[in-house]
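One structure below.
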Amino acid sequence: MTIAVLSGKGGTGKTVIAVNLASVSTHAVYIDCDVEEPNGHLFFRPIPKSSVEVALKIPVVDNLRCTGCRKCVDFCRFNALAFIQNRLLVFSDLCHACGGCVVLCPEKALSEREMPIGNISYGISENVEVITGNLQPGKVSGVPIIRQMVENFYTNKEIPIYIDCPPGSSCSVMESIKPADYCLIIAESSVFGCHDLKMVHELVVELHKPFGIVLNKCFNEENPSEQYCLENGLPILAKIPFDRELNKWNANGLIAVKQSPDYHQLFQDLVTKIQAEATK
Amino acid sequence: MIIAMPVTSPDSNALLYHSFGRAPFFVFYDLNTDSMRFVTNEATTTQGGAGIKAAQIIVDNHANCLFTPQCGENSVSVLIGAKIIIYRSIPGTIANNVHAFKSEKLELLHETHTGFHGHQG
């Protein structure tokens with residue numbers, strides 16, 4: 001079963017929860033799709049096994065062959081090409097590497113070159129296989145890296161796979177939750193947290209994903225996210241109180257379920273609930 | 001000489017739009033004849049790279065310079081490639097800007113931004 005952990009807002013505890021869920025299983029896969037700043041490996045400290053480069057195929061123009069017909073310019077919906085002063089310009093950062101312009105060019109003036117954008121590393125940390133996507137600083141979109149992780153590693157349905165999603169609710173999150181059988185939304189008890197909970201709630205509904213909520217870092221006071229869940233009948237799977245001890249472990253890269261029997265129990269119960277909810 | 005400006009509507013009283021790539025219209029003002037031609041900015045509806053497409057429209061309409069309050073770096077590389085000179089516009093109408101230009105009160109736009117990508121502008 002594949003479980004995506006997402007939140008909308010950053011800093012709600014996606015990584016901590018995904019890491020701990022993977023750690024309580026006898027054997028699990030953890031995939032860090034937060035490719036702009038992957039941090040799950042700081043907890044797992046995996047023994048590196050392999051790494052692959054991810055590259056995009058970007059068009060290259062031969063201006064001697066280009067006749068300026070602009071078929072490619074008109075075709076590109078991301079406007080990665082412009083034709084000025086009898087010269088075709090390529091904006092590689094905007095290119096989504098669909099290859100359409102190369103296919104369309106009647107003069108065969110376009111070819112492709114590989115532009116590296118990052119890598120995917122694979123390692124082992126005790127019972128957890130750790131897959132980490134890394135986007136190079138300055139690159140615009142990590143979606144191709146996420147897509148490659150999704151295509152290459154979501155094959156074994158026997159063991160639980162936990163996907164640590166990027167924050168937000170845009171393309172990179174959609175790509176990350178695509179193969180998920182179940183979405184676990186982590187919500188913070190703040191107005192901001194509630195706002196972003198609504199956004200990812202809309203997203204998972206739109207994508208027809210079964211989902212449940214974990215209210216994290218809860219205080220004994222008004223919780224806008226909890227209110228939203230109650231008003232809209234969203235299933236709350238766990239309420240995790242704000243805990244300085246937990247924060248300390250997190251800051252030191254320690255996995256809570258290995259530090260405390262209470263947290264071990266909490267996350268084991270959460271796994272059971274997720275399995276029950278997902279197979280409903 | 002032809003001056004391009006991003007504007008709010010296709011009429012001679014239109015105000016300058018607050019950004020470039022997703023402005024609803026462009027005016028092409030011919031300084032020799034004081035005539036105006038309005039072009040719909042087809043870039044407003046694109047998913048990304050609006051600045052590049054908008055700059056392509058400016059180039060294709062044979063503008064010599066552009067008056068704009070701001071401009072993204074991708075648009076600038078297209079415009080500079082086509083040797084179009086970019087001035088910082090002043091808030092107000094088309095006529096206000098043409099007048100300011102004629103009185104040499106417009107400055108060249110030196111700084112660019114890295115794009116708003118749907119967040120502002």
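Order of the sequence lines sets the chain letters (A, B, ...), proteins ahead of strands, with each chain counted from 1.
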(message) Can you tell me how the ring of F78(A) sits relative to the ring of H96(A), calling it parallel under 30°, perpendicular over 60° and tilted otherwise?
(response) parallel

(request) Output the distance between atom OH (Y87(B)) and atom CE (M5(B)), rounded to the nearest 0.5 Å. (result) 12.5 Å

(request) Under 4.5 Å heavy-atom distance to chain A, tell me which part of Q47(B) shows up: side chain, backbone, both or neither. (result) both

(message) Side chains of N97(B) and S89(B) only: does a donor on one sit below 3.5 Å from an acceptor on the other?
(response) no

(message) Is V59(B) close to chain A through its backbone or its side chain, or both, or neither, when contacts mean heavy atoms under 4.5 Å?
(response) side chain

(request) Tell me, out of A43(B), G51(B), G48(B), who's got the most heavy-atom pairs with chain A below 4.5 Å. (result) G48(B)

(request) Name the region of F91(A), side chain, backbone, both or neither, that has any atom closer than 4.5 Å to a heavy atom of chain B. (result) side chain

(message) Quiz question: by atom type and distance under 3.5 Å, do the side chains of D164(A) and Y162(A) form a donor-acceptor pair?
(response) no

